[in-house]
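Structure record follows, encoded as structure tokens.
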Amino acid sequence: MKKVDRGNYVVDRRDAYRDSPQSIGYKATISAPHMHAHATENLIQFLQPGMKVLDVGSGSGYLCAVLHHLVSPSGSDKQGKVVGIDHIPQLVDMSITNLRKDGLKVNDDAGSRIEMVCGDGRKGYAQEAPYDAIHVGAAAPVLPQELVDQLAKPGRMFIPVDDDEGWGGQSIWQVDKDAEGNVNKQRLFGVQYVPLTDAPK
């Protein structure tokens with residue numbers, strides 16, 4: 001995370017280094033740094049050089065930059081890939097601009113190991129599956145089966161999901177798929193994320 005300047009990924013740079021979510025427009029936020037740290041630590045086993053990761057609800061592109069430095073470290077002969085997907089076209093365009101501003105190659109840039117796409121992240125991005133790691137940056141009402149299907153064997157997903165008690169809470173779930181394809185789900189802790197939604201009409 002020290003390699004990525006959060007100031008390149010927020011709307012108001014004055015708020016860039018606060019440990020809190022920041023609005024990036026379009027009813028979306030960039031998560032607080034401590035939540036990005038939680039997610040990265042949880043997934044780190046599956047963010048080794050050469051691995052492939054999907055970031056659902058990629059927003060302004062910040063976490064994609066962090067993930068890129070882990071799976072495609074400079075000087076390593078093992079270069080992985082990061083795919084970021086968001087359903088808001090303006091955020092996808094913003095993220096591409098932000099990543100380039102941060103000195104990273106993206107999409108059609110020569111040598112790029114980052115692909116930012118517009119689409120319904122709840123369905124994942126099957127064209128690049130399977131993924132060693134999947135991070136979801138907004139809360140799903142239920143665990144999307146299509147994302148589980150796109151996990152590699154083995155693989156891990158970090159995802160906020162609405163609690164089923166009816167009180168409006170959310171929890172982070174760790175979803176693991178083993179080498180035989182067996183899936184194990186574990187609730188980690190309560191959170192409050194923006195919802196994983198359709199694009200604004």
Side-chain angles (χ1 to χ4, degrees), residues 1-10 16-17 30-31 33-86 91-119 121 123-137 146-159 172 174-184 188:
M1 289 177 70
K2 290 181 178 178
K3 291 186 177 181
V4 182
D5 185 352
R6 195 168 182 258
N8 290 326
Y9 298 89
V10 297
Y17 309 110
I30 178 174
S31 295
H34 76 270
M35 283 308 306
H36 281 145
H38 274 307
T40 305
E41 287 178 347
N42 177 268
L43 294 170
I44 197 68
Q45 176 185 349
F46 300 92
L47 299 175
Q48 300 303 305
M51 291 185 169
K52 186 182 288 185
V53 54
L54 175 66
D55 183 25
V56 175
S58 48
S60 66
Y62 171 79
L63 189 60
C64 287
V66 173
L67 298 170
H68 166 76
H69 286 292
L70 291 168
V71 301
S72 300
S74 178
S76 173
D77 59 350
K78 291 184 177 180
Q79 296 290 294
K81 184 167 185 177
V82 176
V83 177
I85 185 167
D86 204 290
L91 287 181
V92 176
D93 291 342
M94 178 197 298
S95 68
I96 292 170
T97 298
N98 292 342
L99 288 159
R100 287 177 174 153
K101 183 168 55 178
D102 209 19
L104 300 177
K105 296 176 180 179
V106 58
N107 285 19
D108 294 331
D109 299 338
S112 169
R113 305 300 302 170
I114 305 173
E115 183 175 356
M116 306 302 288
V117 298
C118 186
K123 299 177 188 276
Y125 191 64
Q127 293 92 314
E128 288 288 340
Y131 301 96
D132 300 288
I134 297 177
H135 167 267
V136 182
E146 284 166 291
L147 294 182
V148 176
D149 292 342
Q150 290 175 34
L151 272 177
K153 297 185 287 188
R156 175 174 292 174
M157 176 162 50
F158 180 98
I159 178 172
I172 293 291
Q174 172 184 311
V175 181
D176 285 309
K177 184 184 286 187
D178 66 20
E180 285 72 46
N182 301 306
V183 176
N184 179 64
L188 299 181

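Here the structure is a predicted model, which means the values were calculated and not measured. In what follows, residues are counted from 1 in the order of the sequence shown.
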Qualifying side chain to side chain donor-acceptor pair (under 3.5 Å) pairs, either residue in residues 60-70, two or more places apart =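 Listed by first then second residue: nothing to list.
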ask   = In this structure, are over 12 heavy atoms from other groups packed under 6.0 Å from Lys123 atom NZ?
value =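 Counting other residues, nucleotides and ligands, NZ of Lys123 stays at 12 neighbours or fewer.
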request  = Count the heavy atoms belonging to other residues, nucleotides or ligands that lie under 6.0 Å from CG of Asp108, then report whether that count exceeds 12.
outcome  =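 No.
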Any idea which heavy atoms bring [X] and [Y] closest together, and the distance?
{"X": "Lys105", "Y": "Ala110", "result": "CD-O, 2.9 Å"}
{"X": "Tyr125", "Y": "Tyr131", "result": "O-OH, 2.5 Å"}
{"X": "Asp86", "Y": "Val92", "result": "O-CG2, 3.6 Å"}
{"X": "Ala133", "Y": "Leu43", "result": "CB-CD2, 4.3 Å"}
{"X": "Ala16", "Y": "Gly7", "result": "CB-CA, 3.6 Å"}
{"X": "Asp102", "Y": "Ala65", "result": "OD2-CB, 4.3 Å"}

Taking side chain as C-beta onward, heavy atoms only, is [X] less than 4.5 Å from [Y]?
{"X": "Ile30", "Y": "His36", "result": "yes"}
{"X": "Lys52", "Y": "Val71", "result": "no"}
{"X": "Met94", "Y": "Thr97", "result": "no"}
{"X": "Ile159", "Y": "Ile134", "result": "no"}
{"X": "Asn184", "Y": "Asp178", "result": "no"}
{"X": "Leu70", "Y": "Val82", "result": "no"}

query = What salt bridge (Lys or Arg N to Asp or Glu O under 4.0 Å) pairs are there with at least one residue in residues 72-84, not counting sequence neighbours?
reply =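 Pairs touching residues 72-84 that pass the test: Lys81-Glu115, Lys81-Glu128.
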key: Any pair counted as salt bridge (Lys or Arg N to Asp or Glu O under 4.0 Å), so long as it reaches residues 57-70, sequence neighbours left out   =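 Checked against salt bridge (Lys or Arg N to Asp or Glu O under 4.0 Å) - neighbours excluded - no pair reaches residues 57-70.
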key: Set of side chain to side chain contact (heavy atoms under 4.5 Å, CB included) partners for Lys153, sequence neighbours left out   =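 Side chain to side chain contact (heavy atoms under 4.5 Å, CB included) list for Lys153, sorted by chain: Lys177.
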Rounded to the nearest 0.5 Å, what separation is found between the [atom1] atom of [X] and the [atom2] atom of [Y]?
{"X": "Asp176", "Y": "Leu151", "atom1": "CG", "atom2": "CG", "value": "8.5 Å"}
{"X": "Leu147", "Y": "Gln150", "atom1": "CG", "atom2": "CD", "value": "6.5 Å"}
{"X": "Leu99", "Y": "Met116", "atom1": "CG", "atom2": "CE", "value": "5.5 Å"}
{"X": "Phe158", "Y": "Asp55", "atom1": "CZ", "atom2": "CG", "value": "11.5 Å"}
{"X": "Ser31", "Y": "His135", "atom1": "OG", "atom2": "NE2", "value": "6.0 Å"}
{"X": "Arg113", "Y": "Leu104", "atom1": "CZ", "atom2": "CG", "value": "13.5 Å"}

request  = Taking salt bridge (Lys or Arg N to Asp or Glu O under 4.0 Å) as the test, write out the residues that go with Asp109, two or more places apart.
outcome  =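 Per chain and number, Asp109 pairs via salt bridge (Lys or Arg N to Asp or Glu O under 4.0 Å) with Arg100.
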ask   = Can you list the residues that meet the ring-ring contact (aromatic ring centres under 6.0 Å, His included) rule with Phe46, with sequence neighbours excluded?
value =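 None.
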